[in-house]
Structures are given as structure tokens and as C-alpha cells.
> 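Below are the C-alpha cells for one structure; questions will follow.
Per chain, numbering begins at 1; letters A, B, ... match sequence-line order. Values in this document were obtained by computation on a predicted structure and should not be read as measured data.
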Amino acid sequence: MKKTERATEIHARLSRRYPEPEPALHWSDPWQLLVATALSAQCTDERVNKVTPIFFEKWPTIADAAGADVMEVEEVVRSTGFFRNKARNIKAAATRIMEVYSGEVPRSMAELITLGGVARKTASIVLANAFGINEGIAVDTHVKRLAFRMGLTAKTDPVQIEKDLMPLYPREQWGDINHYLVFFGREVCPARKPKCDICELNDICPKKGVK
DNA sequence: CTCCCGATAT
DNA sequence: ATATCAGGAG
């Protein structure tokens, strides 16, 4: 089977498995999604969802976050790991949004990645889910692993993987394909023990039975 | 390439 | 004890 056919088939089958894609992160506006995604680096979304309600109760608005005491933010986000970087980045991002973007989360890749701690992955998530804009495909640990196992890329660098994936899908599917690969990766094809015996992509998987 | 870093599963 | 979890920066 050709790579393009396999890519299309993966989307078709997973779109049936996940009829209504929604991020597992809890959020109610673009800023909240930005913060939640920033906190999700090397951390489970479940853990992030325990932290964000406390964060947004303490600092409800972007202006509040911009004026927050970094040490207090560190305490709140500590359990998500990398807490010093994350606390500093969130405050810096909030400050820049207030000063440069009139207090509104910017709606383009070019602008979003000027915020500290925000690169293509986080920007793509915010653009796709909060604004319905598909400027890129978010490549996180799950997309990286699934794209490799399903033979959609041979690269290891997320930027290169994104370039391999983009031509395989029409732009309007870019947000969904991320969601599908993340959820399917979590539920069926995790890093350690892939469940090849119950996998509905088994027949088109180049690495079935292989680690 | 290294460093940031806590929580959880194996 | 070690690998992994919705990464990003120097």
C-alpha cells in the first residue's frame, strides 16, 4: 500500500472511531487553551487538568497572569514538571499579549511563536481548536510515534515530520489528524505496550508486531 | 546536543 | 530503577 493511500485510510478509520474530536485538555477560551497546552509539555493532560482550574481561579484573565508573582505561579504549576520554565513562560507570554497584542491571543503562527515557550506544536493546537485555523499539524510525542509506526515518516525531528505529514492531508483535516493520532496513540498504540491484537489499523500497519 | 523536572506506569 | 507523559530553548 502506498503512503498516500495509507494516510487517507488512517484518517477515514479514525474519524469513525472519533466522530467529534475535542481536546482532552479543559479550557474555555484561547488563553486558557494556550496555558493548558504550554503546561502539557512532558506531562499527562490529566495532571494539567488538575492544575488549570486552580491557575484560572487565581489569575482569571491574561492581565492577571501578566501581573502574577512568578514564585506563586511556580507553586501552582509545580506538579506538571519543568515548573520554573513554565511559570516564567506563561507570565512572559501574558505580558507580551497585553503589551503587543492588545490583550488578545494572536491568531497566526508567526505571531504565536513570538510568545516565550510557544513553538509550532502549541501554536497549532491553539489555532486549530480555539480559532478553527489550520496553519500547521501539531507534532507531539504521540503524533511523532504514530507517524513513524504507521510509515508516514522516517524522520525524528518534529519540524521535518510535520513537513512529511502536511502534503498527505488536505488542510481542513490538519487539526483532526493530530487529534486522531494523539487519542489513538494513547488508547491503542502507546509507547511501551502497543495493543496490536485489538488494533483496527493492524492490517495497514508496516510495523505491526514490532516495537 | 543538553537542560529543564514532577508524577505515574511498568 | 527506568521509561514516558499533548515540548521548548540555549
Side-chain angles (χ1 to χ4, degrees), chain A residues 14 17-18 21-28 30-55 70-96 109-131 134-150 152-153 155-163 165 174-196 211:
Chain A
L14 295 186
R17 183 183 173 97
Y18 305 107
E22 283 177 41
L25 295 169
H26 298 165
W27 57 283
S28 57
W31 168 246
Q32 291 198 1
L33 181 57
L34 181 59
V35 172
T37 309
L39 289 176
S40 71
Q42 297 296 294
C43 178
T44 61
D45 58 324
E46 191 183 353
R47 169 66 43 192
V48 174
N49 287 337
K50 290 179 181 175
V51 165
T52 43
I54 301 170
F55 184 98
V70 185
M71 299 271 283
E72 282 184 56
V73 180
E74 286 183 6
E75 273 182 56
V76 172
V77 305
R78 174 179 293 270
S79 68
T80 68
F82 300 154
F83 63 92
R84 294 187 183 87
N85 286 342
K86 288 175 180 175
R88 177 166 34 81
N89 287 339
I90 290 169
K91 179 179 165 70
T95 302
R96 182 169 170 81
M109 177 70 71
E111 293 172 311
L112 281 169
I113 62 178
T114 69
L115 304 173
V118 177
R120 291 191 62 86
K121 183 263 171 178
T122 300
S124 289
I125 296 294
V126 171
L127 287 169
N129 295 285
F131 298 131
N134 287 308
E135 272 202 65
I137 297 176
V139 177
D140 53 54
T141 185
H142 297 292
V143 173
K144 180 177 178 178
R145 184 179 66 257
L146 269 288
F148 175 74
R149 286 182 178 168
M150 293 307 299
L152 302 182
T153 186
K155 307 289 178 49
T156 57
D157 171 35
V159 176
Q160 302 289 333
I161 294 173
E162 187 180 3
K163 284 180 182 170
L165 292 180
W174 287 1
D176 287 342
I177 194 63
N178 164 77
H179 178 91
Y180 297 154
L181 295 182
V182 169
F183 278 75
F184 194 69
R186 243 183 234 153
E187 296 168 10
V188 179
C189 195
R192 293 205 196 192
K193 285 171 45 177
K195 302 170 184 171
C196 300
K211 284 193 228 172

> Figure out the CD/P separation between E22(A) and dA6(C), and round it to whole Å.
17 Å

> First locate atom CG of N134(A), then atom CD1 of I177(A), and finally report the distance between them rounded to the nearest 0.5 Å.
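Result: 11.5 Å between the selected atoms.
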
> Mind running a 4.0 Å heavy-atom check of residues 38-52 of chain A against DNA chain C and sending the residues that fall below it, in number order?
S40(A), A41(A), Q42(A), C43(A), T44(A), D45(A)

> Is the backbone N or O of L39(A) less than 3.5 Å from a side-chain atom of K86(A), with the two atoms forming a donor-acceptor pair by type?
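Side chain of K86(A) to backbone of L39(A): a pair is present.
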
> Taking all heavy atoms of T122(A) and all of A38(A), pick out the closest pair and write down the distance.
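Minimum heavy-atom contact is CG2-N, 4.4 Å.
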
> Please round to the nearest 0.5 Å and tell me the distance separating atom CZ of R145(A) and atom CZ of R186(A).
10.0 Å

> Can you name the residues that form a side-chain contact (heavy atoms from CB on, under 4.5 Å) with R120(A), not counting sequence neighbours?
M109(A), E162(A)

> Quick one: CD1 on I137(A) to CG on L165(A), what's the gap to the nearest 0.5 Å?
5.0 Å

> Kindly indicate, with the supporting measurements, whether the criterion side chain to side chain contact (heavy atoms under 4.5 Å, CB included) is fulfilled by W27(A) and T52(A).
CA-CA 8 Å; W27(A) 57 283; T52(A) 43; over 6 Å; no

> Find the distance R192(A):CZ to dT2(C):P and express it as a whole number of Å.
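Whole-Å distance recorded here is 12 Å.
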
> Rounded to the nearest angstrom, tell me the gap between atom CZ in R145(A) and atom P in dA6(C).
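Nearest whole value for this atom pair: 8 Å.
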
> How close do P194(A) and R149(A) get, heavy atom to heavy atom, and via which atoms?
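So the two residues come closest at CB-NH1, 3.9 Å.
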
> May I ask you to say what A24(A) touches in the nucleic acid, namely base, sugar-phosphate or nothing, with a heavy-atom cut-off under 4.0 Å?
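Contact class for A24(A): base.
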
> Drop me the distance from D140(A)'s CG to T37(A)'s OG1, to the nearest 0.5 angstrom.
10.0 Å

> Please state how far atom CD in Q160(A) lies from atom C1' in dG7(C), giving the value in whole angstrom units.
17 Å

> Check DNA chain B against residues 111-125 of chain A and give the residues with a non-hydrogen atom under 4.0 Å, in numerical order.
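Nucleic-acid contacts, sorted: none.
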
> Calculate the interatomic distance between N129(A) atom CG and dA6(C) atom C1'; express it in whole Å.
11 Å

> So if I take residues 78-90 of chain A and measure heavy-atom distances to DNA chain C, which residues fall below 4.0 Å?
F82(A)

> So where does chain A start and stop touching DNA chain B, 5' to 3', when the test is distance under 4.0 Å to a non-hydrogen atom?
dC4(B) to dT10(B)

> Please report the shortest heavy-atom distance between V139(A) and P158(A), naming the atom on each side.
CG2-O, 3.8 Å

> Between dC5(C), dT2(C), dA6(C), which nucleotide gets closest to the side-chain atoms of T141(A)?
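In terms of side-chain proximity for T141(A), the closest of dC5(C), dT2(C), dA6(C) is dC5(C).
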
> Taking dT2(B) as the reference, what is the distance to dA3(C) when you measure between their P atoms (whole Å, please)?
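The answer is 15 Å between these two P atoms.
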
> How long is the line joining CZ of R186(A) and C1' of dT4(C), in whole Å?
13 Å

> Work out which heavy atom in D45(A) is nearest to a heavy atom in A24(A); give both atom names and the distance.
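Looking at all heavy atoms of both residues, the closest pair is OD2-CB, 2.8 Å.
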
> The side chain of P23(A) lies closest to which of these nucleotides: dT4(C), dC5(C), dA6(C)?
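When the side chain of P23(A) is considered, dA6(C) is the closest of dT4(C), dC5(C), dA6(C).
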
> Rounded to whole Å, how long is the line connecting atom CG of D140(A) with atom C1' of dC5(C)?
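Nearest whole value for this atom pair: 10 Å.
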
> Identify the two heavy atoms, one from L181(A) and one from L146(A), that lie closest to each other, and give their separation to 0.1 Å.
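Scanning both residues, the minimum pair turns out to be O-CG, 3.9 Å.
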
> Roughly how far apart are K50(A) NZ and T80(A) OG1, rounded to 0.5 Å?
13.0 Å

> Please report the distance separating the C1' of dA6(C) from the corresponding atom of dC1(B), rounded so that it comes out in whole Å.
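After rounding to an integer number of Å, I get 24 Å for this pair.
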
> What pairs with F183(A) under ring-ring contact (aromatic ring centres under 6.0 Å, His included), at least two apart in sequence or on another chain?
Y18(A), H179(A)

